[in-house]
There are 2 protein chains.
Amino acid sequence: MGHIRTVRKFKKIGFLDITDGSSYKNLSVVCKDVNLLNDFKVGQSVYLEGTVVESKGTQDYELSFDVNKHKIKIVGDIEDSYPIQKKETSFQFLRTIPEFRHRTSTLASILRLRSDIEFSLLNFFKKQDFVKVTPPMVTSADTEGAGEQFALEPINPRSNIVNGKEEIDHFFGKPAYLTVSTQLHLEILAASLNRVWTLTPCFRAEYSNTNRHLSEFWMLEAEISFVEEISQLTDFCEDMIKSVILDIKANSEDVLGSRFNDAERQIMQERWDITDKKWPSITYTEAITILKNHDSSVQWGDSISTEHEKWLAGEHFQSPVFITDYPKSQKPFYMPLSKNNDTSQPTVACFDLIFPTIGELIGGSLREHNYDKLVEELQSRGMKRDMNWYLAIRKNGSVPHGGFGMGFERLLLYLTSIENIRDVVTFPRSPQSCDC
Amino acid sequence: MGHIRTVRKFKKIGFLDITDGSSYKNLSVVCKDVNLLNDFKVGQSVYLEGTVVESKGTQDYELSFDVNKHKIKIVGDIEDSYPIQKKETSFQFLRTIPEFRHRTSTLASILRLRSDIEFSLLNFFKKQDFVKVTPPMVTSADTEGAGEQFALEPINPRSNIVNGKEEIDHFFGKPAYLTVSTQLHLEILAASLNRVWTLTPCFRAEYSNTNRHLSEFWMLEAEISFVEEISQLTDFCEDMIKSVILDIKANSEDVLGSRFNDAERQIMQERWDITDKKWPSITYTEAITILKNHDSSVQWGDSISTEHEKWLAGEHFQSPVFITDYPKSQKPFYMPLSKNNDTSQPTVACFDLIFPTIGELIGGSLREHNYDKLVEELQSRGMKRDMNWYLAIRKNGSVPHGGFGMGFERLLLYLTSIENIRDVVTFPRSPQSCDC
């Protein structure tokens, strides 16, 4: 049982290549009665019988079909307009047919690889004694203080008359939002369970359409108790990604063996070749010094642009690189000052992991675990939502801790050499785009 | 490094029981200088040194602390009001302190078990050649036709003036909702990848507060291509749950060995004792016949109440039981008619898996794969949202397929014998409740 990928007819022999979607490999069905194949088209689903025989072609086995012995039946026909054909189709065009696009071998391979990577990560965290947790997607808090959240209410919300005016009766008793990061909740869970991680959807209501951003994406986040040095976090992240790459190299022939063409496979193999050497780690201040030689307009205090990130990792270091200790003004409220802080140019104990061709893949930091310092920072930034639940753990058995977040799709972009983030998810969501 | 769970002082010896949260087991620190322990309180986080020695107590090892050789330091103190103490605290009270409640040994054990079960499921589906996929949480579709969805827009949505009136400029270009089930998207992916599953948050905007419902919960869903019989799905579900139970029996001593009391452990062991026998499967019509003998008011066509479900599984069969082929009028649009359908009392090819004490754990069905029948059903139910994307796969290589959904928290309720669903999630969300 499967779908027809190709129909190949020659004078005395014909082939149907069948896939059920579970592997990049097709099953070739060999048929001596060529005329029989006239009824078959790419995309149809079929039931067929045959005899498994050793293949004369490149595969180990094929199915020999004899019309006098075996049955074949079209289960699901196609329309004349069926858009998936053997010939190459652009990713851009495929995005217009979300219901069919994963029937192409490349996009199907990406989803299988994504599944394999998740499996590899689960095993990695399991070995490291983490508990996988499920923090809430709905929250009344504002993790990043950035305000680019979605608000949610029932389709037909209830309302009350308050002072003669109709006011919405919030479903959750107060305004509620979709999370932009589960970090704050993970910190609470790490204070109970020591080491926690999660892989969940995250949502950002940003009006920007780029090939690196989605309104709904998946984020891997981890929080680790009793961590006092940034290097503990960067070492962990390096181990994690190297472990994934070694795992898929060993177990996932799907992608490197698949219909990606030779040039694409070559690029991918080079990208995966980052597991042997230790990745460099530099401070933001050192990064600025390096960048000044490359672009004299750069100054201490600037954000490092994505272009500059790509140059640092792709050209200068030719390696993933950690950049630590960014200026305090560029980072969220929960990051403590760096250990060797320069009071005239205050920096915080954080890091970004920068990848060639991708830019930022991971962002992480130590978390301020001193109650008074954290309250002061919240107040100075004018953050108003109730944070007492988050602050309370700093007054009761507080421990030094840290964590990080990784955009899961960004990792997939790097590993697959796919350029548009919409092509590594199932049904991409972005401004003006929610087809189904 | 850890948190103090208990402080025990005797005349000539004292003990600190320390946990870091990664296990239900504590580390006992033995201290001959009893007065030293006066400064220590339950809930504080500490750094300490000691010598690992064989234990004279019930554990294998303990830590011997000698004030002349070793260091001990309070890292995070507690407030006088710190609510988690050694003495038993009700789950109800704990729900009022979401920031601390998982520091109790029972709730921490539940989260560790939850993590172990997810790991077990991932291995099960991997062995069965499934691809784990990530369908979207944001959708413009309405899976169940029930309308109890959350709508979402940015906190500060943009608007347009249309015919002199201000109208919201939908972020996604049209109204968008949080998914109540990922099934429709999974069906599309199964048509590409053969067998797919997912474990994701789901959202229901129901104004009901029960101990079995949440506004945000996690759902396991799977879709399987080339399935033509309900029994293929019920066999699969039975294998899946039995596999989880055998796995956690073998690997997760955490819960059965933990601070659950003896009576609780006894109940749990009985509940887990469902792996040896084949579970019965009856049709809805057979279930009604059985129920009539129990409650003469029951009639064919009635919904089977949760109470009746619990009686069937808990009392009558004393086993999980599948109920198949419910009346068509009780079920969603996408279910095909049963094979041996009685036209005067039409039923559909579906099943619910009913568990003792829980009621419905899994619901599944074959999916109508005939285009014309599906369109007719959609129209007769007056469903208006654009479903062409979903219908299109029925006209292009359609295959018989089926799937199911399982409320992940319901499984946890059964396996832990916890009564309120709020206690098996990290931060429960329900009407009027979104603390943080």
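Labels below follow one simple rule: chain letters A, B, ... track the order of the sequence lines, proteins then strands, and each chain is numbered from 1. These numbers come from a predicted model, not from an experiment.
Residue with the most contacts toward chain A among B:Met1, B:His102, B:Gln44: B:Met1 (heavy-atom pairs, distance under 4.5 Å). Most heavy-atom pairs under 4.5 Å with chain A, from the set B:Glu118, B:Met137, B:His3: that is B:Met137.
Remark: A:Thr139 OG1 to A:Gln149 CD distance equals 7.0 Å, nearest 0.5 Å.
For B:Asn370, no part sits under 4.5 Å from any heavy atom of chain A, backbone or side chain. With a threshold of 4.5 angstrom between heavy atoms, B:Trp218 approaches chain A through side-chain atoms but not through N, CA, C or O. Contacts of B:Ile393 with chain A are made by both backbone and side-chain atoms, with heavy-atom separations under 4.5 Å. In this structure, chain A has a heavy atom under 4.5 Å from the backbone of B:Ser430, while its side chain stays farther away. Only the side chain of B:Arg114 comes within contact range of chain A, with heavy atoms under 4.5 Å apart. B:Ser433 touches chain A through its backbone: at least one of N, CA, C or O sits under 4.5 Å from a heavy atom, while the side chain does not. B:Asp20 touches chain A through backbone and side chain together, each having a heavy atom under 4.5 Å away.
Note: B:Phe172 and A:Phe150 meet the aromatic proximity criterion, with ring centroids under 6.0 Å apart.
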Stepwise ring-ring contact (aromatic ring centres under 6.0 Å, His included) check, B:Trp197 with B:Phe130: CA-CA 7 Å; B:Trp197 77 293; B:Phe130 277 67; 7.7 Å; no

